[in-house]
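What follows is a set of notes on a single structure, which appears directly below.
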Amino acid sequence: MSVILRLLTVVGSHRKCHATTLPPLTFFFTRQLQSFSSQEILHYRLQRCSSMAHLKLLHAHIVVLGLSQENFTLGKLISFAAVDERGDIDYAALVFNRIPQPNRFMFNSLIRGYSNGSRGPSEAIAMYREMLSSGVSPNEFTLPFVLKACAVESSHWLSTLLHGHGIKLGICSHVCVQNALMNALIGFRMTSDARKLFDEIDEKSLVSWNSMIGGYSRAGQTMEAFNLFRRMKDSRVGPDEITFVSLLSACSQARDSDLGMLVHLFIEMTGVQADLILRNALLDMYGKCGHLDSAEKIFRQTPEKNVISWTSLVTAYARNGCIKSARELFAQMPIRNAVSWNSLISAYLQNGHFGEVLSLFEEMQDSGFIPDEATLATVLSACAQIGDMAIGKRIHAYACETNLIALPIALANSLIAMYAKCGEVATALDIFREVQCKNLVSWNIAMGCLALQGCGAEAIELFREMEALGIQPDGITFTGLLTACSHSGLINLGRYYFERMMSVHSIPPEIEHYACMIDLLGRGGLLEEAIMLVGTMPMRADIVIWGSLLGACRIHKFAEMGRVLLKQLLELLPHSSGLCVLLSNLYSEAGRWEDRRKIRKIMNDIGVAKCDAISYIEIDGLVYEFMVDDRRSRWSNSIYPVLDRLTDHLKLEVPSGTL
DNA sequence: TTAGGGTTAG
């Protein structure tokens, strides 16, 4: 009794601190104290535990009361520490490790804690192994969390093994286990296998439907997600806010605002409570679909915004070209994280402000935020665009320091692209060769960069290597391959691959593939074949294609053909300065000065403005920008005489008309 | 005798 009194004293003093969270306790202790054991009182307290400090106090009581061997009590303690968001998984493990024979509930709690937490899902898998070796049999509560850990760890073989365990233990008929197996397949991007499993579930729960709809959404299969949603309604399982979040996410990816607005209407009709996550999903959908007014309205109407609400609107502004609004909103953000910084940095990259990308990168670090993989990839892309290899190399070093075992594949791909675009093709290929888990993107980047740097033969060799390894190419692969053929003047090989693209790989040619072929044929002087190919295109030719044809006319001095082309083109694209300049050059090189004067007049009359093209050059680690006839530099008086001398030398070396 | 699965931003 004295122990109970001591406990009451402590609990009583504690109650003062937590009066609002524990109102029934006074009644519990004063009226019914005699009918409860000290163990039951502890269980009551553990169920209402509110913090780790509180839990540690209760743990002390367990020790004082001599209940340290009571597995049921300790199980509740471990469960709070491992699973609750206010818990501490290390404390749970500490208690667990001192128990001679932990029971299944304890194992399940720790596995669940590890699978949810930031400590890494591999700990969950290790704990499952320990569970098996301890002779404790898993049950239907164990498997869902180990499967979740498998999905994060990308361990498909382990999830298959677990499926086998589930069958052996006879627990695969539980809908939660079935849902977990399905979600693991979705995580491995095996959407059609997940669907087969989904169809086999007899008693589908709301989570089953949401998992499969979410799976389609993540895979970008918008129509499948909506078809399943229709079936869900027929099966009389009512959607909840999570169903709608997945559907909106699918609409965002597909940039389908009509479908998105229908979902919005449906949410309002069904009366589902729009929580913060659902509001954020609506905001994101409107922002990505270009409906800035609606996105702003939802943002304003959201009473308690989180960092995702703010970042979504910053992204919406950036994607719609409102870089100033994005910057202003970012400045007002009450809380930021790495993603919000990345969002703003990407905004500047997307809008071509590469210098600003680099200064924001510095600012991000000065503000105490650690750049992550996405930050580094974005900044590397800016380095590639302006040829700033000095910063690119610094990022490479930083990435290697923070990823000691292996670079994440997306980061390795960005590095390959950066080195290649900065002209360090050998370094780019070294990294490409070193990367263990190359994906199709890695191959495409390496091939595309080799092609652009004029290493056509090497790019084609890389494609042959890909084919030999059985890696299925995509449309981007063929853009690189055809560019390689074009830049190396390999007309027959270009024709061969263009034909195989459809006949062997079932990839229908897109406009960029036609552009490569027309460029290849045009450069080779096969203007008629190039024009015939334009005629067979299933889509309208764009400025790139017409530009290629005009460029070919210029190289091969087909001034008259160029004039006919341009006449048609100016009707289609009246404000294209690039086309007008091309024709103007074409006339001047053919010595047709009167025609050249006319085209310049047309440009003036219709208000075609020639955009200034900015170039960048890196000298001693500093990047300088310049444009044609740029006199801004204080070194201009020294630069231009050297440039004139270089031009004179070039004129002597290169055949006339090509400069 | 305790408990579980699905969702939003770069």
Side-chain angles (χ1 to χ4, degrees), chain A residues 39-40 43 46-47 70-80 82-84 103-109 111-113 115-116 139-148 151 171 174-184 186-187 201 204-215 217-218 239-250 252 274-285 287-288 295 302 305-316 318-319 326 330 333 336-347 349-350 364 371-375 377-378 410:
Chain A
Q39 202 172 348
E40 284 168 324
H43 294 165
L46 280 165
Q47 267 172 352
E70 282 292 329
N71 273 3
F72 188 81
T73 309
L74 291 174
K76 284 193 171 296
L77 186 127
I78 288 170
S79 175
F80 179 89
V83 174
D84 198 282
N103 62 21
R104 184 157 60 190
F105 181 75
M106 292 169 180
F107 273 109
N108 286 352
S109 297
I111 290 169
R112 185 181 166 192
S115 76
N116 289 336
N139 65 357
E140 67 274 19
F141 296 105
T142 321
L143 249 53
F145 295 111
V146 197
L147 282 164
K148 190 177 173 182
I171 55 174
H174 285 261
V175 69
C176 285
V177 176
Q178 288 173 316
N179 289 343
L181 284 164
M182 189 171 69
N183 273 304
I186 288 168
I201 302 174
K204 295 175 182 63
S205 68
L206 175 60
V207 176
S208 317
W209 289 98
N210 282 350
S211 300
M212 200 58 239
I213 291 172
S217 167
R218 266 191 278 170
D240 67 355
E241 67 278 10
I242 295 177
T243 324
F244 291 125
V245 168
S246 292
L247 290 173
L248 287 168
S249 176
S252 299
D275 62 9
L276 182 58
I277 296 178
L278 185 49
R279 282 173 182 278
N280 286 345
L282 274 166
L283 198 171
D284 180 58
M285 182 277 293
K288 291 227 175 90
T302 303
K305 304 166 187 68
N306 64 5
V307 68
I308 298 179
S309 328
W310 287 85
T311 308
S312 298
L313 193 57
V314 168
T315 307
R319 283 180 187 245
F330 183 80
M333 282 179 77
R336 297 176 190 139
N337 60 15
V339 179
S340 32
W341 274 98
N342 292 349
S343 175
L344 188 70
I345 294 173
S346 295
L349 180 76
Q350 285 156 19
M364 176 186 182
D372 64 9
E373 197 185 315
T375 324
T378 308

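Naming convention: chains lettered A, B, ... in sequence-line order (proteins, then strands); numbering from 1 in each chain.
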Inset, instruction - Report the distance from atom CD of A:Q178 to atom C1' of B:dG4, rounded to the nearest whole Å. - result: 14 Å
Legend entry - Polar side chain donor-acceptor pair, A:S346 to A:S343, under 3.5 angstrom: no
Legend entry - Straight-line distance of A:S340 OG to A:I308 CD1, nearest 0.5 Å: 10.0 Å
Inset, instruction - Would you state whether a donor and an acceptor, one from the side chain of A:S205 and one from the base of B:dG5, lie under 3.5 Å apart? - result: yes
Inset, instruction - Give one of base, sugar-phosphate or nothing for A:N71, where a contact means two heavy atoms less than 4.0 Å apart. - result: nothing
Legend entry - Shortest side-chain distance from A:K76, nucleotide among B:dT2, B:dT7, B:dA9: B:dT2
Inset, instruction - Compare the aromatic ring of A:F141 with the six-membered base ring of B:dG4 and state whether they stack according to the 5.5 Å and 30° rule. - result: no
Inset, instruction - Classify the side-chain pair A:K305/A:N280 by whether it contains a donor and acceptor separated by less than 3.5 Å. - result: no
Inset, instruction - Would you indicate what A:V314 reaches in the nucleic acid, counting non-hydrogen atoms under 4.0 angstrom: base, sugar-phosphate, or nothing? - result: nothing
Legend entry - Nearest-neighbour nucleotide for the A:V245 side chain, B:dA9, B:dT8, B:dG4 considered: B:dT8
Inset, instruction - With the side chain of A:V207 defined as its heavy atoms from C-beta on, choose the nearest nucleotide among B:dT2, B:dA9, B:dG5. - result: B:dG5
Inset, instruction - Verify the distance criterion only: is there a donor paired with an acceptor across the side chains of A:T142 and A:N108 at less than 3.5 Å? - result: yes
Inset, instruction - Starting at atom CG of A:L313, determine the distance to atom P of B:dA9, rounded to an integer number of angstrom. - result: 14 Å
Inset, instruction - Compare the minimum distances between each of B:dT8, B:dA3, B:dG5 and the side chain of A:I308, then state the nucleotide with the smallest one. - result: B:dT8
Legend entry - Value in whole Å for how far the C1' atom of B:dA3 lies from CD1 of A:I78: 14 Å
Legend entry - Any A:R336 side-chain N or O less than 4.0 Å from OP1/OP2 of B:dA9: no
Inset, instruction - Specify the separation, in whole Å, of atom NE2 of A:H174 and atom P of B:dG4. - result: 15 Å
Inset, instruction - Classify the nucleic acid contact of A:A180 as base, sugar-phosphate or nothing, counting any heavy atom under 4.0 Å across all strands shown. - result: nothing
Inset, instruction - With heavy atoms under 4.0 Å as the rule, sort A:F145 into base, sugar-phosphate or nothing. - result: sugar-phosphate
Legend entry - OP1 or OP2 of B:dG4 under 4.0 Å from side-chain N/O of A:R112: yes
Legend entry - Distance-only donor-acceptor test (3.5 Å): side chain A:N337, base B:dA9: yes
Inset, instruction - Give the nucleotide from the list B:dT2, B:dG5, B:dT7 with an atom nearest to the side chain of A:I277. - result: B:dT7
Inset, instruction - Find the distance A:R104:CZ to B:dT1:P and express it as a whole number of Å. - result: 12 Å
Inset, instruction - Please work out if A:N183 contacts a base, only the sugar-phosphate, or nothing of the nucleic acid, heavy-atom cut-off 4.0 Å. - result: sugar-phosphate
Inset, instruction - Would you kindly give the CD1-to-C1' distance between A:I201 and B:dG5, to the nearest whole Å? - result: 10 Å
Legend entry - Selected nucleotide, minimal atom distance to A:C176 side chain, candidates B:dT7, B:dG4, B:dT2: B:dG4
Inset, instruction - Using a heavy-atom cut-off of under 4.0 Å over every strand shown, decide if A:L206 touches base, sugar-phosphate, or nothing. - result: base
Inset, instruction - Assign A:D84 to base, sugar-phosphate, or nothing according to its heavy-atom contacts below 4.0 angstrom with the strands shown. - result: nothing
Inset, instruction - Quickly work out the A:L247 CG to B:dT8 P distance and round it to whole Å. - result: 12 Å
Legend entry - Separation of B:dA9 P from A:I345 CD1 (nearest whole Å): 19 Å
Legend entry - Short side-chain donor-acceptor distance under 3.5 Å, A:S312 and A:D284: no
Inset, instruction - Indicate, with a heavy-atom threshold strictly under 4.0 Å, whether A:K305 touches base, sugar-phosphate, or nothing. - result: nothing
Inset, instruction - Please state whether the base of B:dA9 and the side chain of A:N280 form at least one donor-acceptor pair under 3.5 Å? - result: no
Legend entry - Selection from B:dA9, B:dG4, B:dG5 that lies nearest to any side-chain heavy atom of A:S208: B:dG5
Inset, instruction - Would you classify A:D275 as touching base, sugar-phosphate or nothing, given that sugar-phosphate means primed atoms plus P, OP1 and OP2, and contacts are heavy atoms under 4.0 Å? - result: nothing
Legend entry - Sub-6.0 Å ring centroid separation between A:W341 and A:F330: yes
Inset, instruction - Report yes if the side chains of A:L278 and A:L248 come closer than 4.5 Å at any heavy-atom pair, otherwise no. - result: yes
